[in-house]
Amino acid sequence: MGTDRKVIKCKAAVLWEQKQPFSIEEIEVAPPKAKEVRIKILATGICRTDDHVIKGEMVSKFPVIVGHEATGVVESIGDGVTTVKPGDKVIPLFLPQCRECSFCRNPDGNLCVRSDITGRGVLADGTTRFTCKGQPVYHFMNTSTYTEYTVVDETSVAKIDDAAPPEKVCLIGCGFSTGYGAAVKTGKVTPGSTCVVFGLGGVGLSVIMGCKLAGASRIIGIDLNKDKFEKAMAVGATECISPKDSPKPISEVLSEMTGDTVGYSFEVIGRLETMIDALASCNMNYGVSVVVGAPPSAKMLTYDPMLLFTGRTWKGCVFGGWKSRDDVPKLVTDFLAKKFDLDQLITHILPFKQINEGFELLYSGQSIRTVLTF
């Protein structure tokens, strides 16, 4: 392309500080250095994790360009890049896969050491590729997709099938894969089992889809907002309840409903209290409870160790347990083969400039996933 090895000026949604709306600014995006890839973003989803930065619940440097769930096309590559080329359709990966660290080399590991979950805000060489009004703008989780162009390390990008619709498969970059993988890969839900899902947002619905695909015979959705029940039933829940409907603890309600046969529970909210509720809700001996929702930073959890002593398993889950560069292309192929339907998760598609409106839809509970297109 004509922009190869040149600075690109483009529009981006910049967060100048916490608790402020996005500001659409003209930024400069430097060309990719060695082992880096510059991507033209085609579509990007609005995820609750991005809001954690706005609210100050997730560590970040400012100013910053957030966004981490997207589809794009490679505009140019730096020296030494071998896995993608200009013109390739790609998904940027907030969870890298270097294929060299101990996490990547372990068949069960996926939390690559190159992950930026501590808010460093820079690429592998320690610098940023974004500037705005003469000052550096920081990256977010190796991706930064709320911009027309971004630069990522080669370890943070996966080439996908060119036939994939960008405004749909962007969800495979975070929300869908996280929930779906929690069920089929981390939890390893078995056919005929009973599953309980706490939190019926986009990721929770993806957990339900995974449980259904794994052959669970009973899938109980739990949320305080009963408006979410219809969609949960549509994607595979067999019944839905609100904790407000009974004065009893939710774990007791579930035990009575199921005859104490909940094999798998999933916490998809990120609240400490519901993590313990979810653990207590699965069978005391053979139950498996998976923490899917990102917990609030700097908070400690207190629980009765007897919950685990009797035999329960408590598991964490990052990006559904998937190895990002290996598995994201396969998930896109599965989507194209109609193994699962992402349309049910996408409630709004807006032009990129309406990003603040998209976040208002998130806050009001009207949206499951809003996708911004460029």
Side-chain angles (χ1 to χ4, degrees), residues 48 175-176 178-184 186-190 192-284 286-296 301 303-304 307 312-317 320 344-345 347 362 364-369:
R48 182 73 67 178
F176 171 75
T178 296
Y180 179 71
V184 302
T186 304
K188 296 183 169 60
V189 169
T190 53
S193 58
T194 296
C195 300
V196 175
V197 181
F198 288 76
L200 302 177
V203 181
L205 295 176
S206 302
V207 174
I208 290 173
M209 291 162 75
C211 292
K212 183 181 179 184
L213 200 88
S217 58
R218 195 170 181 187
I219 305 167
I220 303 168
I222 299 176
D223 204 294
L224 294 170
N225 181 355
K226 292 188 176 183
D227 293 342
K228 295 182 177 180
F229 290 0
E230 185 181 351
K231 181 69 83 168
M233 300 286 281
V235 301
T238 53
E239 59 223 286
C240 293
I241 57 173
S242 166
K244 287 180 182 169
D245 289 345
S246 171
K248 294 179 181 174
I250 190 69
S251 56
E252 278 186 37
V253 173
L254 289 163
S255 178
E256 290 170 9
M257 276 177 69
T258 65
D260 205 20
T261 60
V262 175
Y264 305 88
S265 65
F266 300 86
E267 201 279 356
V268 203
I269 304 163
R271 286 180 69 248
L272 302 183
E273 298 83 2
T274 41
M275 288 176 190
I276 298 170
D277 285 340
L279 179 64
S281 295
C282 67
N283 181 275
M284 68 188 294
Y286 59 77
V288 174
S289 189
V290 183
V291 176
V292 189
L301 186 65
Y303 70 98
D304 179 355
L307 288 169
R312 288 182 181 91
T313 302
W314 208 1
K315 302 181 87 167
C317 172
Q344 301 181 88
L345 303 175
T347 50
L362 177 74
S364 65
Q366 294 175 62
S367 66
I368 295 171
R369 257 306 183 270

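Closest non-hydrogen pair, T238 versus M233, comes out as O-CE, 3.5 Å. Considering all non-hydrogen atoms of both residues, G210 and V184 come closest at O-CG1, 3.5 Å. Listed here is the closest heavy atom pair of C195 and V189: SG-CG1, 3.7 Å.
Under the 4.5 Å side-chain criterion, counting only non-hydrogen atoms from C-beta, R312 is in contact with L307. Here the side chains of P243 and F198 are not in contact, with every heavy-atom distance at 4.5 Å or above. By the 4.5 Å heavy-atom criterion applied to side chains, V288 and C282 are not counted as neighbours. Between L345 and S206, some side-chain heavy-atom pair lies under the 4.5 Å cut-off. With contacts defined as side-chain heavy-atom distances shorter than 4.5 Å, the pair D245/K226 qualifies. For the pair T347 and Q366, the minimum side-chain heavy-atom distance is 4.5 Å or more.
Counting only residues at least two apart or on different chains, no salt bridge (charged side-chain N to carboxylate O under 4.0 Å, His left out) pair has a member in residues 200-211. The stretch residues 211-221 participates, sequence neighbours left out, in these salt bridge (charged side-chain N to carboxylate O under 4.0 Å, His left out) pairs: R218-E239.
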Mind listing the side-chain donor-acceptor pairs of residues 247-255 below 3.5 Å, one per line with the distance, residues two or more places apart or on another chain?
unit_1, atom_1, unit_2, atom_2, d
K248, NZ, E256, OE1, 3.1
K248, NZ, E256, OE2, 2.9

Distance-only criterion, 3.5 Å: show the donor-acceptor pairs between side-chain atoms of residues 259-269 and protein atoms not counting sequence neighbours.
unit_1, atom_1, unit_2, atom_2, d
T261, OG1, T258, O, 2.7
Y264, OH, K188, O, 3.3
Y264, OH, T190, OG1, 3.2
S265, OG, A278, O, 2.7
S265, OG, S289, OG, 2.8
E267, OE1, I269, N, 3.0
E267, OE1, G270, N, 2.9
E267, OE2, G270, N, 3.0
E267, OE2, R271, N, 3.0
E267, OE2, T274, OG1, 2.5

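Heavy-atom neighbours of M284 CE from other residues, nucleotides or ligands within 6.0 Å: at or below the threshold of 12. Counting non-hydrogen atoms of other residues, nucleotides and ligands closer than 6.0 Å to CD of E230 gives a total of 12 or fewer.
With sequence neighbours excluded, the residues that form a ring pair (Phe, Tyr, Trp, His ring centres under 6.0 Å) with Y180 are F176, F340. Judged as a side chain to side chain donor-acceptor pair (under 3.5 Å), and not counting sequence neighbours, D227 has no contacts.
Here the CZ-CG distance, from R369 to L362, works out to 8.0 Å after rounding to the nearest 0.5 Å. One distance of note links CG of L279 with CH2 of W314; it measures 5.0 Å at 0.5 Å rounding.
Between the K315 side chain and the G187 main chain, no donor and acceptor come within less than 3.5 Å of each other. Not a single donor-acceptor pair under 3.5 Å links the side chain of K228 to the backbone N or O of D223.
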In sequence, state the C-alpha distance, the side-chain angles, and the governing distance for V203 and R48, and then conclude on side chain to side chain contact (heavy atoms under 4.5 Å, CB included). CA-CA 10 Å; V203 181; R48 182 73 67 178; over 6 Å; no
